[in-house]
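Residue numbering restarts at 1 for every chain, and letters A, B, ... go by the order of the sequence lines. Below, each value reflects all heavy atoms present in this structure, side chains not excepted, and no hydrogens, waters or symmetry copies.
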Amino acid sequence: MTSPEPSSAGNFVREIVAQDLQAGKHGGGVVTRFPPEPNGYLHIGHAKSICLNFGIAREFGGICHLRFDDTNPTKEEVEYVEAIQDDVRWLGFDWGDKMFYASDYFARLYQYAVHLITQGKAYVDSLSADEMRAYRGTLTEPGKASPHRTRSVADNLDLFARMKAGEFPDGTHVLRAKIDMASPNINLRDPVLYRIRHAAHHRTGEQWSLYPTYDYAHPLSDAIEGITHSICTLEFEDHRPLYDWVVEQAGAPCHPRQIEFARLNLTFTVMSKRKLLELVEQGHVAGWDDPRLPTLKGLRRRGYTPEAIRAFCEHIGVAKRDGIVEMALLEHFIREDLNRRALRVMAVLRPIKVVIDNYPEGQVEQLEAVNNPEDPGAGTRLVPFSRILYIEQEDFREVPPPKYFRLTPGREVRLRYAYIVTCVGVVKDPATGEVVEVHCTYDPETRSGGPQAQRKVKSTIHWVSAAHALPAEVRLYEALFSKADPGDVAEGREYTANLNPHSLERLTGCVVEPSLADAPSGSRYQFERQGYFCVDPDRAAGGLVFNRTVPLRDSWVKIEKARQDG
RNA sequence: UGGGGGAUCGUCUAGUGGUAGGACGUCAGACUCUGGAUCUGACUACCUAGGUUCGAAUCCUAGUCCCCCAGCCA
């Protein structure tokens with residue numbers, strides 16, 4: 001019997017946790033944490049970490065803390081703190097009352113530092129940043145000791161206290177761990193533990209004039225909270241010896257185990273906070289919630305569901321090798337989710353007028369349409385049909401290419417849920433020659449459910465009755481970048497050179513069926529034969545606005561593309 | 001050229017000395033009142049070279065390639 005487990009079932013992090021648990025380490029429990037720095041918005045890479053941390057805690061009957069790693073007041077803001085909580089909750093995770101801030105521990109961290117100094121394990125250095133860099137050595141040459149490395153414990157204690165008291169300007173002194181200036185691991189060449197920053201902190205205000213660094217605050221925050229497994233990304237692997245050093249030398253209450261995994265990369269987008277910030281600040285996108293961004297806020301506005309994102313995170317797995325996941329996989333999961341749940345409606349994005357010549361003028365029929373063929377419980381609705389309709393421009397071709405099954409002069413197609421119609425002529429703009437109106441006749445016997453309804457036609461197209469149509473704006477999104485790897489640029493050029501100029505297309509002349517009149521902001525639909533769309537919050541400003549979450553898979557575009565490519 | 005990691009289908013990921021599997025993707029077909037969904041089938045992989053072994057993705061040796069580290073960022 002084979003059980004189709006998700007590929008992440010056996011990921012190495014879970015294995016380590018299970019082994020530790022079996023070996024009775026860490027007191028036999030599991031406590032993880034998701035530790036964002038509140039200096040930006042969460043993106044789908046964070047979602048991977050959130051799912052991992054909360055998932056492992058849940059799986060092993062433990063808990064996961066939400067902790068803001070707010071040790072750098074110059075970059076952090078409450079705006080981000082709030083947005084992050086909102087995003088984690090939206091994703092579907094609950095930290096109960098376990099929400100913390102590294103800044104909660106500033107006083108204890110300070111005490112630990114005093115202890116370190118007393119033990120001769122830390123000292124105040126007064127080199128400038130440039131000097132310190134020079135003293136650090138290089139990747140291949142050892143560093144050398146700062147002249148202040150041998151300061152007495154008493155002097156260190158005094159200086160450190162005065163740093164705290166705010167006596168010195170920024171950059172004049174730091175507290176460094178006394179480890180090994182010749183270590184082949186540069187992180188161990190007396191790393192900085194505290195730096196002076198006369199800056200207002202979003203939580204502690206002006207209370208502190210010195211702030212701990214990540215390498216110091218993180219392991220101790222973990223230990224203070226009783227974290228058992230501190231899961232982080234690969235670039236912190238060389239920091240692990242330092243993490244362990246800090247925990248041991250400070251005499252922390254417990255020793256969490258740091259485990260590193262590969263961060264998520266996705267094709268056709270960027271994931272670094274720096275680049276995301278740039279895209280927002282330079283106006284390449286409209287904001288952190290721009291639907292083209294891989295931020296959770298962006299994906300949400302785009303119409304992604306938390307369920308789809310979680311399923312994606314489960315299936316990409318967790319490993320140590322760095323790679324790049326295809327955007328197609330993310331799209332697969334949102335399609336899968338929405339196919340199951342989204343109500344179907346008819347919407348015409350690029351309308352062309354159709355007149356049913358033999359349909360009685362002024363007549364309106366209410367036709368029954370299925371809301372979701374994947375879910376009979378979703379019921380049916382009535383859609384009005386009349387003599388003048390709109391169909392999609394691309395559903396009519398005066399001269400059809402090979403394998404084109406849609407409307408074309410002399411050919412029959414079915415109008416979804418309505419009648420089989422035959423194209424009998426067109427009206428052209430005398431100036432441009434462009435077809436502006438298509439004329440058809442319908443066969444009354446072929447109405448859905450009618451005597452001739454079973455007649456085979458090559459295709460079924462969607463439509464909206466002109467008299468009943470609701471106007472709408474529709475925003476079509478494509479990948480933000482036109483290259484799978486946005487960083488793949490010519491020498492001297494920036495990744496922004498790969499921005500896709502067609503990433504957003506606004507269509508303003510769209511028409512949708514009347515059932516959408518009261519569609520609430522955020523609601524999701526499948527526009528039949530086209531894709532999944534959701535109502536944008538901008539609809540509040542007046543008319544209906546839809547975002548395309550993802551198009552339906554389309555074998556016709558493949559045929560066309562293959563033909564064009566020759 | 002110091003240190004730390006990593007190499008399995010196009011992509012992600014299983015495998016822990018015993019038939020290299022799954023998912024996405026791609027291609028072909030069936031079905032279809034969505035060219036959707038669904039269903040079939042096909043596709044393609046162990047970085048290289050040696051060695052150990054009845055048997056190696058897995059163990060050993062030597063290479064190769066990729067990623068990370070010289071912030072008072074995280």
Side-chain angles (χ1 to χ4, degrees), chain A residues 2 4-11 35-37 39 69 71-72 74-75 125 127-129 132-133 136-143 170-176 183-189 191-197 210-211 213-215 217-218 232-241 260 262 267 273-274 315-326 328-333 335-336 339-340 344 346 370 373-374 403-406 413-418 420 446 448 453-454 456-462 484 526-531 551-559:
Chain A
T2 55
E5 293 292 318
S7 57
S8 60
N11 81 56
E37 182 188 13
N39 70 342
D69 217 336
T71 57
N72 186 353
T74 60
K75 291 189 174 177
D125 199 358
L127 256 24
S128 70
M132 207 181 291
R133 189 177 312 120
R136 189 152 33 227
T138 68
L139 293 178
T140 52
E141 305 157 59
D170 288 9
T172 51
H173 305 282
V174 293
L175 185 74
R176 299 179 74 176
S183 173
N185 180 348
I186 290 189
N187 296 298
L188 262 21
R189 320 244 261 231
V192 171
L193 268 24
Y194 273 91
R195 73 282 212 191
I196 297 172
R197 280 246 202 301
L210 79 180
Y211 292 91
T213 58
Y214 167 87
D215 282 319
H218 201 87
C232 63
T233 43
L234 251 27
E235 69 270 26
F236 293 106
E237 206 149 19
D238 319 326
H239 292 241
R240 186 166 6 106
E260 309 86 10
T267 56
K273 279 192 182 180
R274 194 204 101 219
H315 283 77
I316 53 175
V318 179
K320 293 199 74 153
R321 85 182 80 113
D322 40 23
I324 182 157
V325 176
E326 287 176 343
L329 188 61
L330 215 209
E331 293 181 338
H332 162 75
F333 284 104
R335 284 195 188 103
E336 184 181 69
N339 174 51
R340 207 172 45 221
R344 273 60 171 173
M346 292 196 283
V370 173
E374 305 293 320
K403 294 198 186 154
Y404 185 85
F405 301 150
R406 282 111 97 147
V413 298
R414 170 170 291 283
L415 294 174
R416 180 79 157 150
Y417 297 124
I420 292 174
T446 59
S448 291
Q454 298 313 310
K456 294 287 174 228
V457 287
K458 287 290 257 186
S459 85
T460 297
I461 64 176
H462 61 278
Q526 184 196 98
F527 288 180
E528 290 216 27
R529 303 206 301 132
Q530 306 196 86
L552 251 28
R553 295 185 70 222
D554 187 345
S555 48
W556 168 242
V557 297
K558 285 178 193 168
I559 294 170

Whether H315(A) and F333(A) hold their rings parallel, tilted or perpendicular, with breakpoints at 30° and 60°:
tilted
Out of C72(B), G35(B), G3(B), which nucleotide sits closest to the side chain of P184(A)?
G3(B)
Read 5' to 3' with Watson-Crick or G-U pairs under 3.5 Å, [ ] for crossing pairs and | for partners on another strand, RNA chain B gives .((((((..((((....[..))))((((((.......))))))...(((((..]....))))))))))).....
So which of D125(A), L193(A), T213(A) actually passes side chain to side chain contact (heavy atoms under 4.5 Å, CB included) with R176(A)?
D125(A)
Select base, sugar-phosphate, or nothing to describe what I196(A) touches, counting heavy atoms under 4.0 Å on all strands.
nothing
Confirm from the modelled atom types if D322(A) and G6(B) form a donor-acceptor pair under 3.5 Å, side chain to base only.
no
Options U26(B), C24(B), A70(B), nucleotide nearest the side-chain atoms of T138(A)
A70(B)
Less than 3.5 Å between a donor and an acceptor, one on the side chain of E374(A) and one on the base of U38(B), is that the case here?
no
Go through the N and O atoms of the side chain of R553(A) and the base of G35(B), and report whether any donor-acceptor pair is under 3.5 Å.
no
Establish whether the base of G3(B) is bridged to the side chain of E237(A) by a donor-acceptor pair shorter than 3.5 Å.
no
Touch class at under 4.0 angstrom, heavy-atom based, for H239(A) against every strand present:
base
Nucleotide nearest N11(A) (side chain, heavy atoms from C-beta), chosen from A14(B), A70(B), G36(B):
A14(B)
Sugar-phosphate only, base, or nothing, as touched by L127(A) at under 4.0 Å among non-hydrogen atoms
base
With a non-hydrogen cut-off below 4.0 angstrom, is K403(A) in contact with a base, only sugar-phosphate, or nothing?
base
How far apart are the closest heavy atoms of A262(A) and R321(A), and which atoms are they?
CB-O, 3.4 Å
Between the base of G10(B) and the side chain of E326(A), is there any donor-acceptor pair under 3.5 Å?
yes
Any heavy-atom pair between the side chains of Y214(A) and E37(A) that's under 4.5 Å?
no
Side-chain contact check for R321(A): nearest option of G3(B), G35(B), U8(B) is U8(B)
Examine U32(B): is either OP1 or OP2 under 4.0 Å from a nitrogen or oxygen in the side chain of R414(A)? Give yes or no.
no
Just to be sure I understand the rule, does N72(A) reach a base, reach only the sugar-phosphate, or reach nothing, if contact means heavy atoms closer than 4.0 Å?
sugar-phosphate
Selection from A14(B), U26(B), G5(B) that lies nearest to any side-chain heavy atom of K320(A):
G5(B)
Report which part of the nucleic acid D554(A) touches: base, sugar-phosphate, or nothing (heavy-atom distance under 4.0 Å, all strands).
sugar-phosphate
Just call it for R133(A): base, sugar-phosphate, or nothing, with non-hydrogen atoms closer than 4.0 Å on any strand.
sugar-phosphate
Value in whole Å for how far the P atom of G22(B) lies from NE2 of H332(A):
15 Å
What does Y194(A) touch in the nucleic acid at a heavy-atom separation under 4.0 angstrom: a base, only the sugar-phosphate, or nothing?
nothing
Any idea which of C12(B), U13(B), A74(B) is nearest the A319(A) side chain?
U13(B)
